[in-house]
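As structure tokens, the structure follows; a few thoughts come after it.
We count ligands from 1, going down the list as the structure has it; atoms in each ligand are counted the same way.
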Amino acid sequence: MTRAQIEVDLSAIAANVRKVIKETKVDVCAVVKADAYGHGLVPIAQAATDAGAKWLGVALIEEAINLRTHGLSLPIIAWLTPICEDFDSALRHDIDLGISSIALLEKVLAAGERTGITPHIHIEVDTGMTRGGVLNEWPTFLKKVSAATLNEKVELVGFFSHFARADEPNEIANQLQVKKFTDLLTELKATGVTPKYLHLANSAAALSNPSASFDFVRLGIAMYGLSPDLKTMGTSKSLGLIPAMTLRAKLYLVKQVPAGVAVGYGGSAVTTSETKVGIVAMGYADGIPRNATSATGVFINGERAPIIGRVSMDQFVVDLGANSKAITGDEVIVFGPGNAGEYTADDWASASATINYEIVTRIAARVPRIYNR
Ligand SMILES: *Cc1c(COP(=O)(O)O)cnc(C)c1O
């Protein structure tokens with residue numbers, strides 16, 4: 001192993017996909033945006049496909065093109081497409097496009113005219129998230145999209161929206177979003193067009209709200225084996241999910257230090273007794289959060305060694321304890337599924353005031369990914 005690496009358990013990805021297909025009884029769109037939440041775009045898309053996913057979902061057209069270039073053949077939706085994007089390429093690569101404004105619809109129609117390829121579109125409506133999706137433009141958008149569909153200028157493949165609070169299953173806001181979704185769908189259908197596929201649920205809704213499953217669920221975080229929210233939804237384990245990512249690193253130096261020495265930039269931590277410290281060859285340039293506290297650290301020889309001092313750009317220091325047998329060159333687990341007692345992505349998230357989504361997606365490209373089956 002090099003100084004650090006991510007190991008991805010593809011059988012965990014497959015198990016998580018199968019579990020959700022079985023429980024929701026609908027198809028899964030495997031969400032592989034942001035390099036598959038840091039796990040690696042193409043291997044994850046392939047594993048999800050092999051496990052029975054019927055769609056792939058990404059934010060960007062370039063991510064979708066990358067999938068096509070690597071031979072992935074499932075339908076792909078790209079739903080974050082500023083109007084400056086290369087829609088001609090998207091159409092040539094058979095990529096479905098999320099449409100959330102009149103301006104975007106017009107750009108995509110123009111690309112359809114230019115290329116002679118009928119765009120496959122999914123209308124995105126804003127049902128309460130106030131992020132993507134048509135809102136104030138709806139009446140005019142409705143006329144334009146309906147006319148384009150009836151004139152066969154576009155193929156209306158999908159109709160979708162996104163939850164703001166699906167990880168709080170008891171929130172009334174979720175019911176209101178489902179109602180808005182079906183109300184807007186009724187208005188669309190009244191113009192004489194019917195989308196083939198309806199999709200609304202992310203992981204949290206897929207796991208907790210059967211009324212939101214519709215034709216397929218867009219499965220992100222749960223496919224990677226992580227809980228959408230520990231407090232409201234439970235842990236990976238209680239949800240029956242298997243975390244796929246393990247982050248390993250090397251101690252490039254282990255040394256004995258006396259009591260009373262300051263560790264790292266700013267001397268923010270001082271040893272309280274003689275101890276051994278280990279210097280881990282990863283830092284915030286690799287995605288280790290600079291604000292991570294001693295509530296997390298690494299796992300070595302069956303024990304947890306907490307962070308001591310501030311995380312630097314390329315390294316951080318852990319307190320191994322006076323009796324540690326660790327030596328220079330040893331390998332540590334930064335986080336993993338947690339089965340052996342190692343810290344988890346959830347532990348890192350709570351120790352750095354963020355969410356597990358951010359912990360896994362932020363690991364830098366300079367950390368190699370390797371794949372186990
Ligand atoms: C990222 C994303 C998802 C997946 O969300 P998870 O909470 O990771 O399951 C689904 N739909 C849209 C529109 C997204 O942007």
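- Asp346 and Thr344 are not linked by any side-chain donor-acceptor pair at a separation below 3.5 angstrom, with hydrogens and angles left out of the test.
- Between Trp138 and Asp126, every side-chain heavy-atom pair lies at or beyond the 4.5 Å cut-off.
- Inter-residue side-chain proximity for Gln46 and Leu72 is flagged as met; some heavy-atom pair is nearer than 4.5 Å.
- No hydrogens or angles considered: nothing links the side chains of Gln177 and Gln175 as a donor-acceptor pair under 3.5 Å.
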Every pair of nitrogen or oxygen atoms between ligand 1 and the protein that is under 3.5 angstrom apart - can you list them with their distances to 0.1 Å?
| unit_1 | atom_1 | unit_2 | atom_2 | d |
| --- | --- | --- | --- | --- |
| ligand 1 | 7 (O) | Tyr357 | OH | 2.6 |
| ligand 1 | 8 (O) | Tyr37 | OH | 2.5 |
| ligand 1 | 8 (O) | Ile221 | N | 2.8 |
| ligand 1 | 9 (O) | Ser203 | N | 2.8 |
| ligand 1 | 9 (O) | Ser203 | OG | 2.5 |
| ligand 1 | 9 (O) | Gly220 | N | 3.0 |
| ligand 1 | 11 (N) | His162 | ND1 | 3.4 |
| ligand 1 | 11 (N) | Arg218 | NE | 2.8 |
| ligand 1 | 11 (N) | Arg218 | NH2 | 3.4 |
| ligand 1 | 15 (O) | Lys33 | NZ | 2.7 |
| ligand 1 | 15 (O) | Trp79 | NE1 | 3.2 |

message = Go through it in stages, so that I can follow the logic: the residues are His70 and Asn66, the test is side chain to side chain donor-acceptor pair (under 3.5 Å), and I'd like the CA-CA distance, side-chain angles, deciding distance and then a yes or no.
response = CA-CA 6 Å; His70 284 88; Asn66 202 350; 3.0 Å; yes

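- With Lys33 contributing its side chain and Ala78 its backbone, the two residues share no donor-acceptor pair below 3.5 Å.
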